[in-house]
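Note sheet for the following structure.
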Amino acid sequence: MEKQPRLLASQLLLKNSLFEVSLNRVLLTWKEVATKKKRVSGGMHHPFKVGTSHGVSVSEILAVRELDVDSGTKDDGRWQKMPQKSTEAYPYAFTVSYVERAWQHRWRCSDVTFHCLEGALCQQWVQTIREQLTALTSRPKHLLVYINPYGGKQQGERIYEQKVAPLFTLASISTHVIVTEHANHARDHLRTEAELKKYDGVVCVGGDGMFSEMVHGLVSRTQRDNGVDQNSPEEKLVPCTLRIGIIPAGSTDCICYATVGINDPVTSALHIIVGDAQAMDVCSVHHNNTFLRYSVSLLGYGFYGDVLADSERKRWMGPARYDFSGFKTFLTHHYYEGTVSFLPATDILGTPRDKTRCRAGCFICQHNGQLYSEDAPEICETDPDVPDSEYKGGWRVIRGKFLAINAASMSCACPRSPKGLSPAAHLADGTTDLILVRKCSRFNFLRHLLRHTSKYDQFDMTFVEVHRVRRFRFTPRYCQSDSELDLRENGKKLFSQICRDHPACSCSPAYSSWNCDGEILPHAAIEVGVHCQLIKLFARGIEEQPVFEDLPNPCAV
Ligand SMILES: Nc1ncnc2c1ncn2[C@@H]1O[C@H](COP(=O)(O)OP(=O)(O)OP(=O)(O)O)[C@@H](O)[C@H]1O
Ligand SMILES: CCCCCCCCCCCCC/C=C/[C@@H](O)[C@H](CO)NC(=O)CCCCC
Ligand SMILES: [Ca+2]
């Protein structure tokens, strides 16, 4: 580590022991100094250092405040007779609040209080640390917060008031809080009304559905402000400047889990306070040159579409609705016929079968993001040996019967599946992993599903293939008429007149629905394009390991 010039160094009291406390532009460190005198060569007596060093990055200091220590001892200057090493002898104090890493990617707010002999010294410490914090320009000062009172277990307001608001106050962040009154309240407010110039970021308290509202509000607003037509599938979208924070209070919390490593409100609040930034890809979904929706996590047809369609009717069950509908959908074992065309992502680093994972500071995201911004031409090799597939102008075309067609723009890791639908997918590489699960036996499909929850590779099965792509299209085998779409919008299950040979029943539905980040799309035929790093989150990606060992070594300062 490059040696940084010291800004301050003092001997201060911490819990009745003397510590050598030091601050430079990067680190605040403290190390115990022994009171016992040790004889060293030359007969001089020097204090020697004992105990372990502690260090905290300045970038992870949340706040510093002067303590109002009992003033009885400090005003009359007669404290010389006080015990030598007690807080009474050191009557001025300041507390530093900082990020402490706990188990499984959780962050907690920890405090350390240093006592000083003189008030001037105490103020000097507080002022210098404050100046350091003010210099951290990536930290938000004003936030716009939307709370969904009905997400997940309906605890959004309580979670915000009890766990998050006190931390924002501690870090001197001002907030404007809106408790939503109906679905799409946050989206519409962001898109049309919100005075975005007043804020350094927007925060949602809720689940993936609330996050999706934030994305739709912000992305649409940004395109409108820049005169970009969202209805054109080929249009290059303008990235959003405001970052989005997620305080998890939903059922799946997949975006939070996959960008932070845990769905924990305090951890997310601390990532917001320290001003983290994580870019994310966004997929645009179109039907016949009409914009439908954006997706950041899962676009799923077949299994995940059917699970969602069924679970939406059981919202009253809370998060358990997904288990219930998942089991039911598994038993129905429907497959769907159609054509998938896709543009493979070439010239990029990484494949969906990699063992490496997208982690904080991901090199692959940085490299591929750079490539994308340079508008590298798409080159596609042909592979005539692949059955059932064709190449047309760089596009691959696959027809078949599918139990599931999933596009994962990120891993989709969540508490249900900590490695996710596509464990090697990247948050910000400009691609999505297209997973095709062909018709197979119930037993094999169960094996495939169960592998999402174990160390075994869910793609290493003959009926599963996965491609990293920039764009894709899906066309169901049978065209949907307008009357069928009307039926679908009325929430009725659509069955084709065409009976097919099916293990469960003689009449199988011709169409599934697309699950787009937890919302049902009104069309089965869609065109999808990935927009590299279109949005930014208050997150840093999953940190490589619980960083106890990674604490900076103050001795190296
Ligand atoms: N005040 C409200 N009343 C009713 N619905 C709302 C309100 N505010 C937001 N919503 C909608 O509720 C839906 C679900 O919210 P949210 O994502 O917070 O929780 P969830 O569905 O339990 O979690 P997940 O999306 O992680 O499964 C969202 O699609 C959102 O549009
Ligand atoms: C029989 C044992 C089966 C075990 C299978 C476990 C597989 C779990 C994979 C989980 C993938 C979640 C993908 C996330 C999608 C979100 O955008 C979306 C909105 O919150 N959630 C769902 O659609 C909710 C979808 C919930 C699906 C279960
Ligand atoms: Ca991606």
Side-chain angles (χ1 to χ4, degrees), residues 254 283 295 297-311 322 325-342 344 351-353 386-389 396-414 416-417 419-425 431-469 472-477 500-504 508-518 520-521 524-526 528:
C254 153
C283 289
S295 163
S297 54
L298 165 70
L299 265 163
Y301 188 79
F303 183 72
Y304 288 102
D306 294 350
V307 171
L308 184 69
D310 191 72
S311 68
Y322 291 130
S325 300
F327 184 62
K328 187 173 154 191
T329 307
F330 167 74
L331 289 180
T332 60
H333 199 64
H334 285 149
Y335 66 85
Y336 301 92
E337 293 189 64
T339 305
V340 185
S341 327
F342 59 88
T351 79
R353 307 296 296 274
V386 182
D388 267 354
S389 75
R396 260 190 79 179
V397 183
I398 299 180
R399 286 182 202 88
K401 297 173 179 173
F402 304 101
L403 285 172
I405 298 167
N406 299 323
S409 301
M410 51 179 229
S411 71
C412 293
C414 60
R416 239 181 215 91
S417 168
K419 66 178 183 176
L421 278 181
S422 191
T431 74
T432 187
D433 287 351
L434 186 60
I435 306 158
L436 307 178
V437 185
R438 290 175 190 267
K439 186 184 163 194
C440 65
S441 69
R442 265 199 193 79
F443 176 68
N444 274 336
F445 189 50
L446 180 64
R447 282 177 56 225
H448 168 67
L449 287 178
L450 288 176
R451 284 189 183 191
H452 289 84
T453 61
S454 74
K455 65 176 191 220
Y456 297 105
D457 181 356
Q458 61 257 41
F459 303 141
D460 188 18
M461 309 183 103
T462 53
F463 53 92
V464 181
E465 56 189 284
V466 55
H467 308 274
R468 193 154 278 183
V469 311
F472 73 92
R473 294 189 193 114
F474 174 72
T475 320
R477 177 162 173 204
R500 294 180 296 183
D501 179 23
H502 191 270
S508 187
Y511 316 111
S512 172
S513 313
W514 280 100
N515 173 342
C516 177
D517 290 359
I520 296 285
L521 295 182
I526 58 168
V528 178

(message) Can you tell me how far apart CZ (Phe474) and CD1 (Ile405) are? Round to the nearest 0.5 Å.
(response) 4.0 Å
(message) Looking at His333 and Cys440, would you say the former's side chain and the latter's main chain have a donor-acceptor pair under 3.5 Å?
(response) yes
(message) Looking at every non-hydrogen atom in both residues, tell me the closest pair between Ile398 and Arg438 and how far apart they are.
(response) CG2-NH2, 3.2 Å
(request) Please say which of Tyr301, Tyr511, Phe402, Phe303 ends up in a ring-ring contact (aromatic ring centres under 6.0 Å, His included) with Tyr336. (result) Tyr301
(request) Kindly say whether Gly300 contributes a backbone atom to a donor-acceptor pair with the side chain of Asn515 at under 3.5 angstrom? (result) no
(message) What I'd like to find out is whether the side chain of Leu436 reaches to under 4.5 Å of the side chain of Phe463, using heavy atoms alone.
(response) no
(message) Within the 4.5 Å heavy-atom criterion, are Asp460 and Arg353 side-chain neighbours or not?
(response) yes
(request) Identify the two heavy atoms, one from Pro352 and one from Ala424, that lie closest to each other, and give their separation to 0.1 Å. (result) O-CB, 3.6 Å
(message) Could you measure the distance from the CE atom of Met410 to the CG atom of Leu298? Nearest 0.5 Å is fine.
(response) 9.5 Å
(message) Restricting to non-hydrogen atoms, name the atom on Ser297 and the atom on Cys254 that form the minimum distance, rounded to 0.1 Å.
(response) CB-SG, 4.0 Å
(request) Please round to the nearest 0.5 Å and tell me the distance separating atom CG of Leu308 and atom CG of Asp517. (result) 10.5 Å
(request) For Lys419 and Arg451, indicate whether the former's side chain and the latter's backbone hold a donor-acceptor pair under 3.5 Å. (result) yes
(message) To check you understand the geometry: which heavy-atom pair defines the closest contact between Val464 and Val437, and what is its length?
(response) CG2-CG1, 4.3 Å
(message) Tell me whether the rings of Phe445 and Phe330 are parallel (<30°), tilted (30 to 60°) or perpendicular (>60°).
(response) parallel
(request) Examine distances only and state if a side-chain atom of Thr432 and a backbone atom of Ser409 form a donor-acceptor pair shorter than 3.5 Å. (result) yes
(message) Can a donor-acceptor pair be found, under 3.5 Å and without considering hydrogens, that links the side chain of Ser422 to the backbone of Ala408?
(response) no
(message) I need the minimum non-hydrogen distance between Val528 and Ile526, along with the two atoms involved.
(response) CG2-CD1, 3.7 Å
(message) Rounded at 0.5 Å granularity, tell me how far OG1 in Thr351 sits from NE2 in His467.
(response) 12.0 Å
(request) Report the relative orientation of the aromatic rings in Phe472 and Trp514; use parallel for angles under 30°, tilted for 30 to 60°, perpendicular for over 60°. (result) tilted
(message) Return the CD to NE2 distance between Gln458 and His448, rounded to the nearest 0.5 Å.
(response) 6.5 Å
(message) Between Leu521 and Leu299, is there a side-chain heavy-atom distance shorter than 4.5 Å?
(response) yes
(request) Report the distance from atom NZ of Lys328 to atom OG of Ser311, rounding to the nearest 0.5 Å. (result) 10.0 Å
(request) Would you mind telling me which of Cys412, Cys414, Ser417 makes a side chain to side chain contact (heavy atoms under 4.5 Å, CB included) with His452? (result) Ser417
(request) Quick one: closest heavy-atom pair of Ile520 and Gly305, and the distance? (result) CD1-O, 3.9 Å
